[in-house]
Amino acid sequence: MAAQDASGGVGGPAGPLVHIDAASPTPVFEQIIEQLRRGVVQGSLPAGTRLPAVRALASELGVAVNTVAKAYRQLEAEGTVVTGGRNGTTIAALADAEPTRVAEAARTLIARARDAGLSRDQTLGLVARLW
């Protein structure tokens with residue numbers, strides 16, 4: 001099981017798996033999702049990595065069980081994690097995690113398009129022309 005480190009994050013010897021920023025305007029479940037996605041994309045959470053049980057992670061982070069469950073459900077729906085009974089929740093095989101990488105790139109595109117003042121339609125038009 002993951003252990004809480006001195007910074008308030010939860011992780012193992014390699015560092016925190018999840019760190020909740022109580023001052024952040026981002027909801028806690030979204031912070032969990034974003035950090036686990038980042039770990040997958042950056043390779044610090046390789047396929048097959050077993051995540052802490054929902055109750056354990058909630059307890060270690062000091063958040064409601066439903067908050068962690070919501071994050072895990074969303075990650076499962078997008079193919080980032082797989083929940084398999086006794087096996088718990090694990091990071092999905094690389095092929096299953098590919099949509100996460102594309103989604104991360106899309107988020108970056110959206111942020112840059114907004115910064116540049118482009119509308120949704122302009123951004124989609126640009127993507128369509130480049131496709």
Side-chain angles (χ1 to χ4, degrees):
M1 178 175 12
Q4 190 162 3
D5 69 9
S7 69
V10 174
L17 176 65
V18 177
H19 177 80
I20 300 303
D21 180 358
S24 173
T26 303
V28 172
F29 84 96
E30 288 181 9
Q31 290 183 50
I32 294 168
I33 291 168
E34 290 171 8
Q35 290 176 50
L36 293 176
R37 280 182 188 148
R38 189 175 313 119
V40 170
V41 170
Q42 294 175 346
S44 61
L45 290 173
T49 300
R50 187 172 181 183
L51 297 178
V54 170
R55 289 182 191 277
L57 184 57
S59 174
E60 292 171 15
L61 292 174
V63 301
V65 171
N66 286 338
T67 300
V68 176
K70 183 176 182 178
Y72 278 21
R73 279 193 307 272
Q74 186 166 331
L75 290 166
E76 183 173 28
E78 70 187 30
T80 301
V81 302
V82 177
T83 302
R86 288 185 176 172
N87 294 331
T89 302
T90 58
I91 301 299
L94 212 46
D96 294 336
E98 192 59 34
T100 302
R101 290 190 176 114
V102 174
E104 192 68 33
R107 282 186 197 88
T108 300
L109 170 64
I110 291 166
R112 289 187 180 168
R114 285 179 176 158
D115 288 347
L118 295 176
S119 71
R120 180 180 186 268
D121 288 339
Q122 290 171 315
T123 304
L124 292 174
L126 175 63
V127 170
R129 284 191 300 276
L130 293 173
W131 192 267

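- Contact annotation: the side chain of Leu45 approaches that of Leu17 to within less than 4.5 Å [non-hydrogen atoms, C-beta and beyond].
- Here the straight-line distance linking atom CG of Leu61 with atom CD1 of Ile32 works out to 5.5 Å at 0.5 Å rounding.
- Looking only at side-chain heavy atoms (C-beta outward), Leu109 and Val127 come within less than 4.5 Å of each other.
- The closest side-chain heavy-atom distance from Thr80 to Leu36 is not below 4.5 Å.
- The minimum heavy-atom distance between Gly79 and Ala92, with the atom names listed, is O-CB, 3.2 Å.
- Side-chain atoms of Ser59 never come within 3.5 Å of backbone atoms of Ala56 as a donor-acceptor pair (strictly under, hydrogens ignored).
- Distance CD1/Ile33 to CZ/Arg38: 12.5 Å, rounded to 0.5 Å.
- Within the 4.5 Å cutoff, the side chain of Leu126 has no heavy atoms near those of the Gln122 side chain.
- Annotation: side chain to side chain donor-acceptor pair (under 3.5 Å) contacts of Thr90 (sequence neighbours excluded): none.
- Remark: Arg107 engages Glu104 in a salt bridge, criterion side-chain N to carboxylate O under 4.0 Å.
- At least one side-chain heavy atom of Leu51 sits under 4.5 Å from a side-chain heavy atom of Tyr72.
- Looking only at atom types and distance, the side chain of Ser44 has no donor-acceptor partner in the side chain of Gln42 under 3.5 Å away.
- The structure places CG of Leu118 at 12.0 Å from CD1 of Ile110, a figure rounded to the nearest 0.5 Å.
- Between the CZ atom of Arg120 and the CZ atom of Arg114 there is a distance of 10.0 Å, given to the nearest 0.5 Å.
- Gln31 approaches Ser24 most closely through the heavy-atom pair NE2-CB, 3.7 Å.
- Considering all non-hydrogen atoms of both residues, Ala113 and Thr123 come closest at CB-OG1, 3.2 Å.
- The two residues Leu57 and Pro52 have their closest heavy-atom pair at CB-CB, 4.0 Å.
- Once rounded to the nearest 0.5 Å, the distance linking CD of Glu60 with CD1 of Ile20 reads 12.0 Å.
- Within the 4.5 Å cutoff, the side chain of Leu75 has heavy atoms near those of the Arg37 side chain.
- The CZ atom of Arg73 sits 10.0 Å away from the CD atom of Glu76 when rounded to the nearest 0.5 Å.
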